[in-house]
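Below, each value reflects all heavy atoms present in this structure, side chains not excepted, and no hydrogens, waters or symmetry copies. Counting begins at 1 with the first residue of the sequence.
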Amino acid sequence: MKVLYITAEAAPYVKVGGLGDVAGTLPLALQKIGVDIRIALPFHHQIDRSHYSLKNVCEFDVPAAFGPVATTVYETKLGTLVVYLIDSPLMPESGPVYAMDSALDGPKFVHFSLAVLELARRLDWKPNVLHAQDWHTAAAVYALHLQRDVEKSLSKMAALLTIHNLPYHGEGASKALEDFGLPPATRSPLPWWAQNRPLALGLLAADHINAVSPGYAAEMLTEEFGAGLDEFLKNHKPDSISGILNGIDLDEWDPSSDTALVANYSRSNLGPKKDNRAALQQELGLPEDLQGPIFGIVSRMDEQKGIDFALNALRMIADEPWQAVILGNGSPQIEEAARQLAKDFPQRVHTRIDFDSALGRRIYAGVDAFLIPSRYEPCGLTQMIAMRYGTVPIARAVGGLKDTIMDYDSSSGGTGFLFKDPTPVSLAATIRRALVVFSDQRRWRGLQLRGMKEDFSWESSADQYAALYKRLVKDRIE
């Protein structure tokens with residue numbers, strides 16, 4: 001079983017969001033159970049060339065309408081895992097990993113996708129499965145579909161496309177597809193408007209599609225969450241869609257050994273968590289109020305994450321005892337709303353517009369509850385980390401959130417609190433429900449301990465991926 005895992009980002013090389021965490025940990029978990037897996041990712045300028053041992057594997061040109069693109073593939077290793085870094089003049093020398101406009105990102109990611117297939121042709125190691133992630137690598141799945149029926153070296157390679165975020169189709173990358181010789185799928189069951197978008201073409205061509213949670217796999221077939229592709233998926237791919245829950249690295253996220261914390265603690269010794277709470281209040285200039293809970297938000301500030309209505313929900317419960325710590329950046333409008341909340345409630349709210357991983361860890365450990373009000377959430381890692389740190393999630397019942405959080409019930413327990421509607425009223429009512437439980441510390445401690453007992457390691461997910469790979473290879477050979 002040989003798997004080439006292709007991704008736009010992977011920790012520790014380059015990480016922007018949850019995809020970077022997944023791509024940096026899932027392959028290691030798969031290798032641990034015997035899958036011969038390798039990673040390929042673009043050689044972004046953010047990757048420190050001096051930090052890694054690099055070996056030049058091969059050089060080749062990728063044909064394009066504007067002329068051949070000189071491509072160099074380097075090999076490095078993540079432990080014993082082989083990682084290929086693919087470089088070309090289309091890799092920007094500055095700027096973010098992802099541009100705001102996918103038209104700007106199109107050339108580098110379409111080139112990367114085609115370069116991956118050329119690399120597969122040239123390696124002595126021949127992959128049985130091409131495992132792509134989201135729109136940035138979906139062109140490789142489409143190109144493989146176009147080429148493998150006429151090219152023997154690719155004919156038995158199966159294609160798996162994992163969806164981490166369905167609404168991002170790579171809409172502006174159609175010109176890049178054309179430039180690199182990938183035609184629109186004009187006679188396909190795709191909606192007319194999607195026939196030249198990388199993600200839709202990948203969905204059309206993939207042997208199998210999997211989402212990063214069972215809940216999101218089901219939601220993709222609905223109008224609310226299907227991003228315009230629900231009818232296509234429901235009618236043309238119903239037997240080729242499944243969901244496998246993401247996991248987290250339990251060694252990286254461990255309150256008993258996390259060096260960012262002022263006091264380490266565990267499920268069997270939860271007492272020192274209160275020391276992290278007091279230290280966080282002191283660090284951020286909040287009164288050391290022991291009456292009400294501290295709510296934490298560590299998030300990208302955009303519409304998907306629902307931070308806008310969470311801020312309004314907090315205003316709606318101003319009559320209750322609570323504090324809130326908010327960390328993140330993104331939409332200028334949401335950033336300003338978060339700042340304004342802190343100005344209006346200076347003794348209760350601290351807002352930090354930043355990306356600060358160490359402070360994020362101290363927030364996970366120091367707050368009592370985490371607000372995760374996502375309008376949609378394919379999987380989510382925040383709720384897993386929060387529960388690992390004995391912090392109770394308050395989340396919308398969507399996607400991976402409802403797959404991983406058991407809503408509190410006084411008779412059966414639970415691990416958090418779930419709400420249905422993406423509105424301030426619905427969230428505020430659920431926060432009030434959580435406040436009632438918080439007032440009874442015995443019941444609250446039960447929530448904490450049950451959450452800390454949950455197993456969000458990659459082991460189960462890796463087994464499911466290995467079984468899926470095996471089935472895809474068998475189907476392709478037959």
Side-chain angles (χ1 to χ4, degrees), residues 17-19 102 132-136 138 141-142 160-174 184-246 299-300 302-310 312-313 330-331 334 372-380 383 395-405 407 418-427 429-430:
L19 173 59
S102 54
Q133 324 296 315
D134 278 349
W135 84 259
H136 314 92
V141 175
Y142 184 53
L160 172 63
L161 178 58
T162 293
I163 303 302
H164 301 259
N165 208 328
L166 184 64
Y168 292 87
H169 299 163
E171 178 181 356
S174 57
T186 52
R187 297 185 179 182
S188 74
L190 285 170
W192 65 268
W193 52 265
Q195 292 174 355
N196 62 352
R197 297 185 181 183
L199 183 64
L201 294 171
L203 293 171
L204 174 69
D207 295 303
H208 194 85
I209 300 159
N210 88 286
V212 289
S213 71
Y216 194 54
E219 288 174 349
M220 291 196 310
L221 306 182
T222 68
E223 184 177 356
E224 181 179 1
F225 298 102
L229 294 170
D230 50 292
E231 288 298 319
F232 162 74
L233 293 171
K234 190 162 47 181
N235 294 329
H236 299 282
K237 292 282 187 175
D239 299 324
S240 301
I241 301 173
S242 61
I244 300 176
L245 194 68
N246 281 340
S299 176
R300 220 170 51 244
D302 61 26
E303 187 174 328
Q304 177 206 337
K305 296 299 184 181
I307 306 305
D308 51 338
F309 73 79
N312 291 330
S331 160
I334 299 175
I372 315 170
S374 303
R375 286 183 167 86
Y376 71 94
E377 194 60 71
C379 179
Q383 77 278 15
R396 189 174 176 222
V398 290
L401 297 174
K402 67 181 180 183
D403 286 339
T404 51
I405 301 168
D407 193 28
L418 295 174
F419 65 97
K420 183 177 179 182
D421 299 321
T423 64
V425 171
S426 183
L427 174 55
T430 304

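Evaluated for a side-chain hydrogen bond (donor to acceptor under 3.5 Å, both in side chains) with Glu377, the options Lys402, Lys305, Gln383 yield exactly one hit, Lys305.
To the nearest 0.5 Å, atoms CZ (Phe232) and CE (Met220) are separated by 11.0 Å. Note that CG of Leu201 and NE2 of His169 are 11.5 Å apart. Values are rounded to the nearest 0.5 Å. The CD1 atom of Ile163 lies 4.5 Å from the CG atom of Leu203; values are rounded to the nearest 0.5 Å. To the nearest 0.5 Å, atom CG of residue Leu401 and atom SG of residue Cys379 are 8.0 Å apart. Atom CD1 of Ile405 is separated from atom CD1 of Ile372 by 5.0 Å, given to the nearest 0.5 angstrom. Note that CG of Leu229 is 8.5 Å distant from CZ of Arg197, once rounded to the nearest 0.5 Å.
Remark: side-chain polar atoms of Ser213 are paired, donor with acceptor, to backbone N or O of Gly400 under 3.5 angstrom. A donor-acceptor pair is defined here as one N or O able to donate and one able to accept, closer than 3.5 Å; such a pair exists between the side chain of Gln195 and the backbone of Leu190. Between the side chain of Thr430 and the backbone N or O of Ser426, at least one donor-acceptor pair lies under 3.5 Å. Side-chain N or O atoms of Asp134 include one that pairs as donor or acceptor with a backbone N or O of His164 at under 3.5 Å. At least one donor-acceptor pair under 3.5 Å links the side chain of Arg396 to the backbone N or O of Lys420.
Within a 6.0 Å radius of CD in Glu303, no more than 12 heavy atoms belonging to other residues, nucleotides or ligands are found. With a 6.0 Å radius and a threshold of 12 heavy atoms from other residues, nucleotides or ligands, Glu219 has its CD atom above the threshold.
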Quiz prompt | Check against side chain to side chain contact (heavy atoms under 4.5 Å, CB included), Leu221 and Ile241 | solution = CA-CA 10 Å; Leu221 306 182; Ile241 301 173; 3.8 Å; yes
Quiz item: So Phe225 and Val398, side chain to side chain contact (heavy atoms under 4.5 Å, CB included) or not? Walk me through it.
Solution: CA-CA 10 Å; Phe225 298 102; Val398 290; 3.8 Å; yes
Exercise. Verify side chain to side chain contact (heavy atoms under 4.5 Å, CB included) between Asp207 and Ser240, making sure each step is shown before the conclusion.
Key: CA-CA 7 Å; Asp207 295 303; Ser240 301; over 6 Å; no
Quiz item: Given Ile209 and Lys237, is the side chain to side chain contact (heavy atoms under 4.5 Å, CB included) satisfied, shown in steps?
Solution: CA-CA 8 Å; Ile209 300 159; Lys237 292 282 187 175; 4.1 Å; yes
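Taking each heavy atom of Leu166 and Leu233 in turn, the nearest pair found is CD2-CD1, 4.5 Å. Minimum heavy-atom separation, Ser102 to Trp135: CB-CZ2, 3.7 Å. When all heavy atoms of Asn165 and Gln304 are compared, the closest pair comes out as ND2-OE1, 3.6 Å. Closest heavy-atom contact between Pro214 and Leu245: CD-N, 4.1 Å. Minimum heavy-atom separation, Ser174 to Asn196: CB-O, 3.3 Å. When every heavy atom of Ala310 is checked against every heavy atom of Leu427, the shortest pair comes out as CA-CD2, 3.6 Å.
A salt bridge is defined here as a Lys NZ or Arg NE, NH1 or NH2 lying under 4.0 Å from an Asp or Glu carboxylate O, and Asp308 with Arg375 meets this definition.
Residues Thr222 and Asp230 are not in side-chain contact: their nearest non-hydrogen atoms beyond the backbone lie 4.5 Å or more apart. Counting only heavy atoms from C-beta outward, the side chains of Pro198 and Tyr142 never approach each other to under 4.5 Å. Annotation: side chain of Tyr376 is not in contact with side chain of Ser374 (no heavy-atom distance under 4.5 Å).
Donor-acceptor pairing under 3.5 Å is lacking for the side chains of Tyr216 and Asp403. If you check the side chains of Asn210 and Thr162, you find a donor sitting under 3.5 Å from an acceptor.
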